[in-house]
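Here's the structure we're looking at; comments come further down.
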Protein chains: 2
Amino acid sequence: MPETQSPAQSLTRREELLRIAAELFASKGFRNTTVRDIADAAGILSGSLYHHFDSKESMVDEILRTFQEELFGQYDEILAGDADPRAKLEQAVRVSFEAIDRHHSEVAIFQNDAAYLGTLDGFGYLAERHAQSREVWMRLLREGVAAGVLRADLDIDLVYRFIRDTVWVAVNWYRPGGSLSAAQVADQYVTILLDGLGA
Amino acid sequence: MPETQSPAQSLTRREELLRIAAELFASKGFRNTTVRDIADAAGILSGSLYHHFDSKESMVDEILRTFQEELFGQYDEILAGDADPRAKLEQAVRVSFEAIDRHHSEVAIFQNDAAYLGTLDGFGYLAERHAQSREVWMRLLREGVAAGVLRADLDIDLVYRFIRDTVWVAVNWYRPGGSLSAAQVADQYVTILLDGLGA
DNA sequence: GTCTATATAACGATAGAC
DNA sequence: GTCTATCGTTATATAGAC
């Protein structure tokens, strides 16, 4: 029925183009991906992309906003839960690796291009999300120290950066569907973080 | 003496331009830094840069080669030393943070742009150095497990990636001359890695 | 929804004057 | 060693035909 395309079909085409763009942004970087790259991968010409999106920037904007709404919803659930401090830290690490597994492209774009994108108009929410993420982890760490399950002799800001970097940078080598599952990686990371490498 | 410029003076000007370029590559990324950006920062016009260098790529090539020769020389010294396995791991972490402190731009370029640069002709040594770095850390870890100072129940490849990522990604927030010295950061990272965060 | 065709700007790099 | 001037290419984005 070419005359009466459903909204669902339009949405599907739009989402398909966003998925293609996200994979290219993730693997080559936002600046290093041209609209011609995206159009080629989609089997159309570059000009045709502008029927669906206003600009290249609006594409990455939509990709990142959708992903971050889901991720921070999960962090909020952990904070609101009634698990003990050590379990909450473990949950936060696991949720992060699940995000790397299920939204690999989006995490890679956020990890590798957020610094540049944050300088553009309309991307101020990236800095807000960054601050929000810091608050989540810092609160988990402070609760852990207060409860006596985390050692108190370390610089807590440095510990935050250690965990944040360690978790998110894994997107650059972790491959969904590979030999190690996200849960397996998360288990070992939690072990190293909380118990250390020492025998 | 304008007629008889010494080699030292030419070298100084060349090194000054490389330093300016390295800072821009590090803060904005290689692809996102134009030759006009470099020339502007140096107070000359873009065409004048080509009196000193063949291309933008040859500039970053010279920056990375010089840095890596020094860094891997230090790793080799650690491997050849007679310290115990745990001390060698500590030394490797400290040497890495000293590199972040004293060669901040170079480390940032290697951390952020090596994946792209490695695809270019003439940059095959980046992959070689990457493999060499892996061998250094894997050898240190295997010796640690064999000596019984490191726990043996973890995936050693995953531990390698954990340490590598954790150490080098710190270049994105560490600032030379800031409130935390490289040695202080290295001390706390070694503590977290070997002893863990658990109380 | 895609194509043809093109506007406009920025890019890396070059040639020759000074 | 730098400047003037510009070439050739590629980038994002647009206008209108189909």
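Bear in mind that the values here come from a model prediction, so they are computed numbers and not experimental data. Letters A, B, ... mirror the listed sequences (proteins, then strands); counts begin at 1.
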Quiz item: Below 4.0 angstrom, N of the basic side chain to O of the carboxylate: do A:Glu70 and A:Arg65 qualify?
Solution: no
Quiz item: Is B:Arg94 paired with B:Asp187 through a side-chain N to carboxylate O contact shorter than 4.0 Å?
Solution: yes
Figure out the [atom1]/[atom2] separation between [X] and [N], and round it to whole Å.
X: A:Leu49; N: D:dT12; atom1: CG; atom2: P; value: 10 Å
X: B:His52; N: C:dG12; atom1: NE2; atom2: P; value: 17 Å
X: B:Leu120; N: C:dG12; atom1: CG; atom2: P; value: 13 Å
X: B:Ile38; N: C:dC11; atom1: CD1; atom2: P; value: 12 Å

Which donor-acceptor pairs under 3.5 Å do the side chains of residues 132-142 of chain B make with protein atoms, sequence neighbours left out?
from: B:Gln132; atom 1: OE1; to: B:Arg129; atom 2: NH1; distance (Å): 2.9
from: B:Arg134; atom 1: NH2; to: B:Asp157; atom 2: OD1; distance (Å): 2.2
from: B:Arg139; atom 1: NE; to: B:Glu143; atom 2: OE2; distance (Å): 3.4

Self-check item: Which residues share a ring-ring contact (aromatic ring centres under 6.0 Å, His included) with B:Phe123, sequence neighbours left out
Solution: none
Self-check item: Heavy-atom pair of closest approach, residues A:Ser58 and A:Ser55
Solution: OG-O, 2.8 Å
Practice problem: For residues A:Ala170 and A:Tyr189, report the shortest heavy-atom separation together with the two atoms involved. | Solution: CB-OH, 4.2 Å
Quiz item: Heavy atoms under 4.0 Å, any strand shown: does B:Leu45 hit a base, just sugar-phosphate, or nothing?
Solution: base
Quiz item: What is the per-nucleotide protein-contact pattern of nucleotides 13-18 of chain D, from the 5' end, where B denotes a base atom under 4.0 Å from a protein heavy atom, S denotes such proximity for sugar-phosphate atoms only, and - denotes neither?
Solution: BB----
Exercise. Return no unless some side-chain N or O of B:His51 is found under 4.0 Å from OP1 or OP2 of D:dG1.
Key: yes
Self-check item: Summary of ring-ring contact (aromatic ring centres under 6.0 Å, His included) pairs that have at least one residue in residues 21-43 of chain B, sequence neighbours excluded
Solution: B:Phe25-B:Phe30
Quiz item: With sequence neighbours left out, which residue pairs that include part of residues 32-51 of chain B fulfil the salt bridge (Lys or Arg N to Asp or Glu O under 4.0 Å) condition?
Solution: B:Lys28-B:Asp37
Exercise. Would you jot down, in residue-number order, the residues of residues 23-34 of chain B having a non-hydrogen atom under 4.0 Å from DNA chain C?
Key: B:Thr33, B:Thr34
